[in-house]
Each structure stands twice: as C-alpha cells, then as structure tokens.
Amino acid sequence: MPSEIILKMEGICKSFPGVRALHNVDFVLRKGEIHALMGENGAGKSTLTKILNGVYEKDAGLIILEGKPVHFKSPQEAQNMGVGTVFQEIALCPNLTVAENMFIGRSRNAFVNWRQMNEKAAEMLGSLGIPASPTQELASCSIAVQQMIAIARAIDMDCKILILDEPTSSLDEDEVQKLFALMRELKARGVGIIFITHFIDQVYEISDRITVLRNGELIGEYETPELPQIELVSKMMGKALSDVSAMKKHEPPKSDDRVPVFEAKGLSSAVGVRPFDFSIHKGEVNGFAGLLGSGRSESVRAIFAADKVTGGEVKINGKRVKIKAPLNAMKLGIGYLPEDRKSEGVIDELSVRDNIILALQVMKGFFKPLSRKQAEEFANQYIKLLEIKTPSLDTPVKSLSGGNQQKVILARWLLTNPMYLILDEPTRGIDVGTKVEIQKLVLKLAQDGMSLTFISSEIDEMLRVCSRMIVMKDREIVGELSGADLTEQNVMQMIAQGGK
Amino acid sequence: MGALNPNKTKTRMSNSTLLFIIAGIIFLVMYGIALLTFPLSFKQFQTFFDFFNLNAALFIVTLGMCIVMIGGGIDISVGAVCGLVTMACAVLLESGAGDIWDALFLSLGIGLAFGLMHGYLIAYLEIQPFIITLAGMFLAQGLLTTLHREPLNVTKPAFVALRSVRIEIPWLGTVNRLGVFIPCEIRPGVLVVVALVIIYAIMMKWSRFGRNLYSVGGNRQSARMLGINVKKTMFFSYVLCGLTAGISGFVFLITTGAGNIGNGSLFEMKAIAANVMGGILLNGGVGNLLGAPIGTLTLLTINELIRAAGVQSNLQAIVSGLLLYIFIMLQSIIMSLRDRKNFRLVLPSWLKLHRPVEGK
Amino acid sequence: MKRLSLLLVVMLVLSTVCGLAIAAPKTIKVGIVNLPPEESGYRQANVEDMNQVFSKANGYDAKQTNTADNSEQMAAAMGYIRDGVDYLLISAANASGWDDVLLAAKRAGVTVILFDRLIDTDPSNYQAALVSDMYYEGQLATDWVLANVQAPRNVILIRGQLGSAAEVGRSAPLLKAEAEGKLNIVWDGTGGDTWSLEEARRVVEAAIAAGKDFNVIYAQNDGMAQGACQALEAAGIRFGKNGKVKIIGFDFNRFALRNVQAGYWDADVQCNPRMATQIDQWIKSGNIPKGIVYQKEIILDTKTITDDHIAKYGINPDPGRGVITR
Amino acid sequence: MPRLKARFDRLSHLFLPLSVLVILLLINLIKGADYFKITMVNRVLYGNIPNILFGASELVILSIGMTLVTAAARGQDISIGESGAISSAIFVQYVLNAGEVTIWTILVGLLISCVAGIVIGAFNGTLVSFFNVQPMVATLILFLGGRSIAFIIDGKVSPILANPISNQIGTVIKGVPIQTPIILTAVFIVIVSVVLKVTNLRLYVEAVGINPNTARLNGINPKRVIFLTFLLMGICSAVAGFIAVNKVGRHDSVNLLKFIMMDAILAVALGGNSLSGGKFSITGSIIGAYTIEVLNRTLLRLEVNPEAIKAFKAVFIIILMVLASPVVRVYAKKVMDKAKAFVAGKAARQTGRLKKAVVSITDSSVKKEE
C-alpha cells in the first residue's frame, strides 16, 4: 500500500552539551500508516520526536511537511501545523480541569466557552471510555486516566501527524486495546502515526513499518511483517541476542524451615492498602502481580514505609522491628527502587556521583560525609559494573537517558548492600537490552544471597525471574503461586477470578 | 460490596475553590465576630464602605498582584509604582501642563512602561522575577524622589471636583454625634475597583489568556507542551500587573488628592498577604481572583479590629502578625487534612449521614 | 467547626486582653492617629507620652492607632470619627491628602488637633496644630554653623528619608545658606529611608575617599551623626571640640547629648516629642488656640550643655556622665 | 589536564558573580586609580577595600543563611532583619544586666542570642516545613511583628552598649591591624565551610531542594532539612545582629538591619543561585554580598544625586541581571562560537566543531535549553 509521503526528515542532527543525540538521521512517514520508532534508551527516539514537535530546535537538517520545508520553534507552531504529541511523561496541567486539559492551547478564540467545551469533552471521554468527568480537576485522576486524557487530547486535535511516545507504559491490557482501536481508526482517516514503545509485541500487533535508531544514528527502515522479532532486537542492540533465551530460571534454596529475612503481619498504609501478611527468605526473588492499581506498588511501599504505615508488625530475621520511615528500613537493610523514576527516583540536577552515593551517604549519617575520593571510587565502580553511559561523574543525571538513569538508581541501592531489595518496575521504559541485563543482575544478586521483590507490568518478565508470585486484586492479596503452579495461565486466572 | 460500586464518587473540589471558600468563611466569621464585639464601629455600613473608599488603590494593586501570583510570579514593585504614579500625576496637574485625562494617560503609561519592562525581562530574558521587580521598586522610588520629594496637594479645580464626587446612599447611614444624619457614601475609586474585579474575574475564568495563565502557573513545562505560548502569557501577566499598578496610582490620587513619597509604601507586602489570605498561593496556578478582594477585606478588617479594640501601641504590629499567623495556620491545617484524605473526619459523627461500610 | 470555635475564642480573648474599653460616661473620648513607636526613639517617646497623659486616670477614654501608612492612618481617623470621639489628634505620616478626612471630622463635629507633624491643608480644616518646626530646627543648626565655624565652611550634608517633613525642613536653611554663599556643601548624601547609621557612614567614607576637604558634618539625626563619627574615627580624622570637623546632630537623644557634653560632638538640636501635656491643658481648660503653634526648641553645644538639660529634655536612656557612645 | 578541567568546571558557576564584581571594580578604578590604595591609620589598615569588607560583614553572614534557606525551602526568609533585631536585643539586655562586662559576658550573651535566633528560626521553620506555608508568607508574620517584639524586649527605648569590649568588637582590638567585624566574618565563613566539609549539609539541602520526594525515599526527612536550614538562618541572623549592634554601640530596634532581606536575596541571586531552590553556591552568595556593598559605594563614589541614587541602583541591578540572564549567556556563547569558527576558517571546520564541543562541555552551568 504505497501511499503519499506526509513527512520527510532529512539529515537531522542535534547535540546537547557533552552528548550527541542525533546524527544525520532520516525519517519518512506516510499518510495513514502507523510507524514504530524503535531503539534502545538514548538511541534518540525522543529527541527526534521532540524536534518534530518543536520542543527542541534541530542543529542541522531539514523537515518537509507535505512537501513544504518547515521549522517549528515551539510546540504551539507544530500543533498549528497538525503535529500532535502524547509525551512519555504526562505533560498536562494538574491544576486545571479535565476538559481544559483537553482543549487548552488549541483554540484561537479569545474566550472560553465552558459549556461547549465540557460537552465536547464529555462526549470524547464517553466515546473513549475514560472514567473521568470533564469538570474534575486533573490532579484527582489516576496516572493511567491522565495518560488516556493526554491521548484523547492529541486524537481530537485533528492532526495530520500524531506522535505517541510510550503511551502504553502505564496502561493495562484493556486500555491498550482501546488505544489500538483508536489508532486504527485514525489510520483509516489518513493520519500518520509515530509510535514509540518498548513493548515489542505491541509493535508487531499494530505497526506497518519500523524505523530503528541506535546511538543517535539511523539503522534502517523496514516493513513490519518482513522483520522478524529477533532481528529487530538485535538491530536495536547492535549484537546478536542468543543469551536472551538462554537465561535460566533461578530456583531458590529450599527454605521453609528457616526464619524469613523479612516478615510482615497485618501491614497497612495510609494510602489504603488492606492489611496484608508477607514474608521473604534469603536468596529468594518474589513478585507482586496484579493490574495497575491493584495495590502491588502500595504494598511494597508499605514495607519500605514510603507511605505512612498505619498498622502491622514487622520482623527482620525473626526480630521485631519498627519501620516508621524510609531511613529505618534502609538501616535494617532494605532497599527500594520506586516505580516513578522521574519524581521519586532521581534527583535530576545532581551529578551522577551524588545520585549514586546518596543512599549510602544518608545511611552513614549527617555527620559522616564520604570523602570526594571515596565517592568517586564508589561511583566509578558501579558505573563500570552496570555499564552506565555518562560523559563524566559530574554530569547532572537529568542529561542521561532513561535507562541509564534507572541504572544509576540501581547502583545507588546496590552500593548500600541491602539484604532485601525491592524493585518496583525497574524495567519500565527501558530497552530490551537493558531489561535483560537487569533481569540477569537480579538473578545473580539472589544467588549471592540477597532477597528481592520484583514488580513488573510484564508478566513474562516476572515469570522469568520470580520463584514465587503474590497476586493482588483491588488492594488485597488474593493468592500466591510458586513452583510448578507458577505459570502465566494461573496468574492470569487468579487476577481475573480474584482468589481460589 | 457491590452496592458501593454504583455510587460514583462526587467530583473532588479543586484547590482553588476550596481555598476560596476557606477565605470567604474566615472573612465572614471574622466580620461576624467583629460585629458582635465592636458593634459601635462595625454596625455602621459606612465602616464597610470605607474599606473600599479609603483603600481602593490597595484593592486594585492586590488584583494585579493576584494575576502574577496565579501565573507563578511575583511583582514587588507595585507599591512603588503606585506611589510614583500619584506623584507624577500630581506634578503634572499642579504644573498646569495637563488636565485630568492627561494624568490618567500618564498613570496608565507609567504602569504600562513598568509592566513591559518587567514582562520582557522576566518572560523573555528569563531573569528571576523577585530581583527584577525589586529593581523596578528601586527605580520607581528613585524616579519619585528625583521628580519631586516634597508632599504635593493637587489644587486644580477640575481635579478637586472629581475628587469630591460622592455617591450617596440615602437609606443607609447613621446619625453622628451632632445628631446629623449622614448617608453612606461611595467614592468614584470604588467603582473602578468593582469594574476591575468584574473584568479581571471574567478574564481569569473565561478568557484564553486567563486559562493559559493558570496552566503556566500550575506547570510551566506542561503548559509549553500543551502548545501554550508560555513566554507571551507570562509577559502579559506582568504587563497587566504593571498597568493595574498604574491605575491604582491614579485611584490613590483621586482618593487622597496628593502626591507623597510615602504613597503606596509596603503595598506589595500587603497585597501578598491579602492574596494569601484570599487563597491565592505564591506557587502559582491556584487561586480564585475573587479571593483577592476577600483577602484585602480580611486584612482591612484586622486593621479596623485593632483600632476599634484600642490595642496598646506597641502590640499593634504584633497582633496583626498574630492574626495573620492564625489565618495561615487555619488554611494550612485544612489543606493538609484534605491531603491526608481524612478531611471528612473533621465533621462530628452526628453530621455523617451514614456510617462507612467496613470490609466487604 | 472546632477550628472556627477556636478562632472565635482567640478573637474574644484578644479583644478583651487588648483592653476593650466601653465608653464610660463623662470621660473625654479621644482618638489618636500616630506613627508607630518602632519608627524611632523620638517617636517612642512621643507615643508613650500620649499614652501616659491621655489615660483613664486622667479622665480620658483614648485609643491610639500607630501606623506609618498614610491610607491606614486615614482609615483609622475615619474610624474614630465614626466612633464619635470628641477630639481627634493626628500626627500624619504624609503631609498631604488629608482634606477629606478633615472635612468629615468637621461635619461630624469632631475637634481636630494636629500634633508633631503639620498637614498641608487649609488651616480652617483643623482647630489647632502643635508641631515641631523642622525648618526652625534647621535654622538653629545652620546659624550655629555660621557662628561657630570659620570660613571656609565646607559641609557634608547627610539627609534623612528624602521627602519626609524632617528632611525637607532641616535641609532647607542649609541649602539656603549655601545659595547665599555663606557655606559650601561639599558632599550631599542620605541615610536612606531608614535614616541609617551604616548608610551615613558610607557617605562620609565616600567623601573621604574622594579627597573632599570638609569641616562640618550636618547629620539630620543622631544615629546618622554617630555613623559619620565612626567613619571619621576609622579614617583618623579629628573631630569634636578640639578637632577639625564639627559634628551636628538632631533629636536630643541622651547619648548624643552626653557626646556633646564630652566634647566628642559639637552640637545637637532639640526636637521635642512631648506634646501631650500641652494638648491636655488645652482640652481641659477648654481654651484651644486656633492655628499653628510651634514648640519652643533649642540647640545645645559643648559650651551651653548641662546635666539638667540632659535630664530634662533628652530622650532614650542616659549612658551616664562622661560616657561616649561611639 | 582533565583534573584541571574538572576543577574549572566546579568553579564555572562563579563566573557570573565574579564578572559582575570585576565590572564594578573597573568602574571604580576608572573613576580614580587610587581605589585599591590601603594606608595605615592608627596602626589599622584603612582604605576602600577594608571599608567594603567592614560594611558588608552582616550582609555576608545573612546571605549565607539565605542561600541555605533558598536552596532547601525554595523560597526566601524575609524576616531576617527582624530576627537579627530580636536576638541582638536579647544579647544587649543580657549584657546590660550582667553587671561587669567581661569577654565571657559577651560570649555568653552571643550564645544566648544564638539560641534566640534558633527559636525564631524554629518558629519560621515549623510553619514552612510542617505546615507547608510558603517561606515568604510564613516569614511575613515576623516581618510585620518582629520589630515590635525587639522593641518591647528593649524596654521601649534604645539601650546603649557602651563598654570597652563591645567597642573593640565593633571597631578594632588593640594591636590587631584589621577591624574586628571583618575578622568575625572571616571566622564565620571558615566555620561554615568546615560545617559543609564535615557534614552532609550540602547533599541533603540540594537533594531536598531539587526533589523532596526522592530525598524522602532515600532516608532524608525533607521537613527536617528545611527546618534545619531555618535554624541555621536563625544563627546567621543572630550573629549578624551581634556584629551590627556592636558596630553601632546602641540597640536601635527600629533601624537595625532594616530591609536587609532585600539585599540578602539580591546577593543570593547575584551569586548565580536560583531563587527557586536546588543547587547552591555559598561562595557565589558571599561574592554577591560584597558586590552589593561595592555597588552601593560605587553609586556614592560616582557622586550620584541622593534623590536619584535608588534609580541608579535599579539600573545597575537590571543591567547586571540582564548580562547574567540565561538567554543572553546562551546568545553570547553562540556569538563566541561563531566568532571562533570564523577565525578558524572554513578549512579547519572540523576542528572548529571539536572546539565547540569542548566549550560546551566546559560550560556546564549553561543549562540545557528546555
């Protein structure tokens, strides 16, 4: 189906201080196609789309939109020319209403017609099945709903080109299907869609064409059906991927008779998770499975006292302890890598070094700072170990790519040498290569005797690393699976049926 | 458990609305207490009208400040600009070089000039607003003393006539100590206040600029991504604030009829305090424009309370600080209770219609 | 609800604590609009004096509002007029813009007496004014300079807050004398809005750095004179009775008078803050003069000063005989 | 070489305050070449430089505290002058009631006034950290009422602090050629740098200022850190009040450190710090504070009419801030790059680019344009 070309980007170059983000990249988008933009973290996907929608200015190159060269200086200009975007990090205003968020910045009218706007928004929300009211303040919606609203906004914009940068990372399967239905409809209307995701299955489900970037350079453009998955992955990573499939599942030592490393009874927290019991043994990797909002994150947060703990009893190695604040948990040897990297993980303006040593430093105490030399040694050690790509130790962590930021946080916790490490979505928004690295690391740590909790939205990933899975639904633990029972089928069933 | 599902939770009140309601209730309660405690003063309607009559300029300054605060900025030059305008207009009128219209244009011009300068430097050169408007404050004060440093009464007949305009409300009023009935009166400045409140409230609620400003104040980065011209929006908010300060200067002049170096001094602090009491946060993006006049009224009621109570001289400043403290604490406590999601627990149990269902 | 009742209680407590005085019969109701005591030592003496004289014991029901803000002052004045006071005493923050308030008072039959600071308005708008004549004070100081310093008289002028009544009044005679060629003002600076000692010190330091030759420092209050002396001392310039540079201050702070007595400074000009007794006499006798009455004020220098003067006219604490406040 | 570059990197944030200071000093030099001349007067160093150091001592100390508060609480404390007035009032009362004044009286008095400063800081800090009130609003309360409190402590007069030891603290100690406030300021700066060295204050404050959520999840209690910065601010204002009151020799609760918060905030901004929190540079703020002192004196040296002095100050501040603004700096860098590329010529285009990259790495303080 060779149709007309709607967008052509030629020889795009862009550098940031110390980092070359894009070098001579070409990109072509046709009318009515869904074009997946693939690559590892830091490959330049986000940069490319941000140049297209006017957030960044390109250093060199040419953008031709419908045959005419264009140069966008702001997202507004790009919007006016028909380039709509849904950003990876939700870019909406939490203090405005849902309806306003859908329509602000679009109208040229001097005044706002609230009634009309609310009606249109209600209609839109209804047709997309988004559970929000137009007059609600956005801050009171869940993250997933906010994401859906961002998509609704972009869809409604009557755009010629729609950029979806990781729209599915916080959606559950149902919502993803809704989104896909929408995308197909838009495609039929002739919209060119640029789709960025790390879910390879989704790429094959929906996209027509794939462009692969690596290290800011163009690798190639392919028809989706003609590119086998394994080849795609190796193109993205730049190496053959034999070891992905070769990974062995880790079996924990039989440990029923020993005292668990961590044990909680009737634990509950202020954000509304039902009191639950939980325990983990030395060298074990367990998982919390469940849909988004099932309470899996809230549960592990309660263990770490990331939210205010309202009740329950906690034992470490059989000894009763009190965990009131994250610092207590840290001192007892618990580490926690939070779900939301941007707002809870990194301290973006601080250097890579400071980010890595942060937790260790805090544990050592206010009056015992590490010497600069020590800090640099530690940081360098983990930069090497986890292969973190950074220009220098003093680089602010915000100028690293998402995956490298995640590794920095991982390094931070490994440095504290915890006996129990909680990883909440450590692989979200991370490319396949790094994902595998992290999974392998988890298994290796477990072998060395660390206990880990591993949470992911991708069940197969969890199945690969976890030896025991706790299933949650509606903020409650509904069951536990391990050994031979631990299959995708069973987990799904348990989530669906809620127990038994 | 199934019975709970159909109950769609009621839309949560937005922060702006909640803060505005708190501000309104605080004001009403305080005024009520004032009425009970000091009926001599507060029972007279004129007391209420005089808040507006004598402080029209402060109301107007507060409105301008409210707009930049919603946009996430701050403008501490407003008081000084207001003072500069009164003096400049007084000099103009007294020198005979211009009439009232010229003075009005001059005041708008000065306000606009400051607004443009602040707006450009803050929005387009990305300099910190506090520093730039601090410089603006120094500039206005310096220009004022350079222009004329002695107090200057405007004696131009046309101006005195304008200044003496009163709108009398014959059915409201009091008998004074001589036994003469004095009707309530409203001054022209009050009309300006009312007009500006209406215009600005409409602007903040219904105009594109107003909504964009909320968005910019809430999250500048997101606003940019949503296709809002952040710089332009910020620029206009400062221009508007400057212009408003200019208007307030003119209103100040027709209230007192004189240029003084002390005119409008510390208005910026009062305006910030008034806005905070009116539920407009310094962080930006939160607040209802109508909170600005409410906050100003609260502030003025505090002053009047202190006067009517005859607070000892040395304690007056402390008491007004203390009252400000109480209001801020109240606001903060209510907001934090709400954030902890047990805001409803504040209601006594007998007020609850039904007990929450435990478990499933 | 709990918070509201709390607020209520706080309000009530405050109002009672702060002395809610329901008008008792036969007392004279007085409303005083004044500047805040924190403005200066001079003002504190003035405020305390007012509070002491217009007390319950003395047969008054008086309230005093202290604020430096003209509009707040006017609002307070209007409040007192509404309250129906018998006498309204005003010391205005700014000298102009009071016409409406004064007219309202007239209409309500309230007798207005201005004190300390004059208001720029038609004298028929108020009954009487008991004020310090700032121009007269300036004249005293200028005359002293002309009489006690040999020509060439090179003066450093350190002004207070520009445009304030004191600054305008105290500057004028000196500027006039300069215009007449009787002296030179070699350096003209200001202590800024706060009549700041530090700022005065900077002014003199700048004059020294610029190599100016001067023999008089005319500082418009005692604090700024003190700052000037600190600058001179650090620069090793001799001043005072036996020095090259003559120091003149204003306000009659006791420490300043002691400095004059010790010959550390040369002269100080009075600015009498105690007006309440005079006004009290007027009111009690029912014989209030019409128009402006200036307070008698004096200048003291190293030759004329005595302990009696210091005890009687000075304000603020007395550091003791012979103690120099640097 | 890389080590050198790294050091340069670390110092690059001082480029702005230093360049501003240098510009002002140049103006002064043009006005008169004897600007830096230092002479001995009564065996004490005298000249413009000692005068500047002397005059700015309180401001320097306050701007240190202000930097910390700004960085952690993302807002400013506008009650520092009032807080200094209150704590020094307590100091003066202690000294006056202590009978014979010895060095120990003074030291104990200083200690007591520091405690008072801490209490005031705790009041502000509680509001800001535990009640989530914006700093400027929280400190507005003391800004309004603080001077009255100091005044009441003073017994409603301005007490005189005429004793030889206070005198020496305010001027010079016999035999020492430098004025005591300068020495005290230097000592204070040394103490602060030692504190920064032996504690994690910087890391904690910066982490909290940039991202309180993350800080909390890494075991830092953001509320406590913000509270702590207010306590430190309290100590700073107590020390500043101590120096100020000894300089003056009288406790004038009205004018002591009045409106100094504006200058302190300005110093923080001139030091290249963001007023919305995050990374901070105390060195920058200190240079900023001295810059303000130089600016004030420059206006006097230029013999600006006293009526216009504020307007000139405003113009100076605006020009300095424009020169320092991110947009102008980015633009200037572009122009520089172009000029460099032009010089390098078309033939050496590749090397030119390389240089560009080096420059961009070096100037890490130029934030990524977003």
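Heavy atoms only: backbone and side chains are in, while hydrogens, waters and symmetry mates are out. A note on names: the letters A, B, ... follow the listed sequences, proteins ahead of strands, and every chain is numbered from 1.
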Looking only at Gly210(B), Gly218(B), Ser207(B), Ser16(B), the option with the highest number of non-hydrogen pairs under 4.5 Å against chain A is Ser207(B)

Shortest non-hydrogen contact between [X] and [Y], atoms and distance:
{"X": "Arg224(B)", "Y": "Pro75(A)", "result": "O-CG, 3.2 Å"}
{"X": "Gln76(A)", "Y": "Asn229(B)", "result": "OE1-CB, 3.4 Å"}
{"X": "Asn219(B)", "Y": "Pro94(A)", "result": "CB-CD, 4.4 Å"}
{"X": "Ser215(B)", "Y": "Cys93(A)", "result": "OG-SG, 3.2 Å"}

Bottom line for Asn101(A): the part with an atom under 4.5 Å from chain B's heavy atoms is both

Whatever's closer than 4.5 Å to a heavy atom in chain B on Ile104(A) counts as both

From the list Asn53(A), Thr97(A), Asn109(A), the residue making the most non-hydrogen contacts under 4.5 Å with chain B is Asn109(A)

If we only count heavy atoms from C-beta on, is the [X] to [Y] side-chain gap below 4.5 Å?
{"X": "Met225(B)", "Y": "Leu92(A)", "value": "no"}
{"X": "Glu100(A)", "Y": "Tyr214(B)", "value": "no"}
{"X": "Arg211(B)", "Y": "Phe103(A)", "value": "no"}

Look at the side chain of [X] and the backbone N and O of [Y], then say whether any donor-acceptor pair between them is shorter than 3.5 Å.
{"X": "Arg208(B)", "Y": "Phe111(A)", "value": "no"}
{"X": "Gln79(A)", "Y": "Leu226(B)", "value": "yes"}
{"X": "Trp206(B)", "Y": "Ala110(A)", "value": "no"}

Rounded to the nearest 0.5 angstrom, the OG-CG distance for Ser222(B) and Leu138(A) is 9.5 Å

* If you count the non-hydrogen atoms of other residues, nucleotides and ligands that lie under 6.0 Å from OH in Tyr120(B), is the total more than 12? -> no

Next item on the list: Give a yes or no on this: more than 12 heavy atoms of other residues, nucleotides or ligands lie within 6.0 Å of atom CZ of Phe236(B).
Entry: no

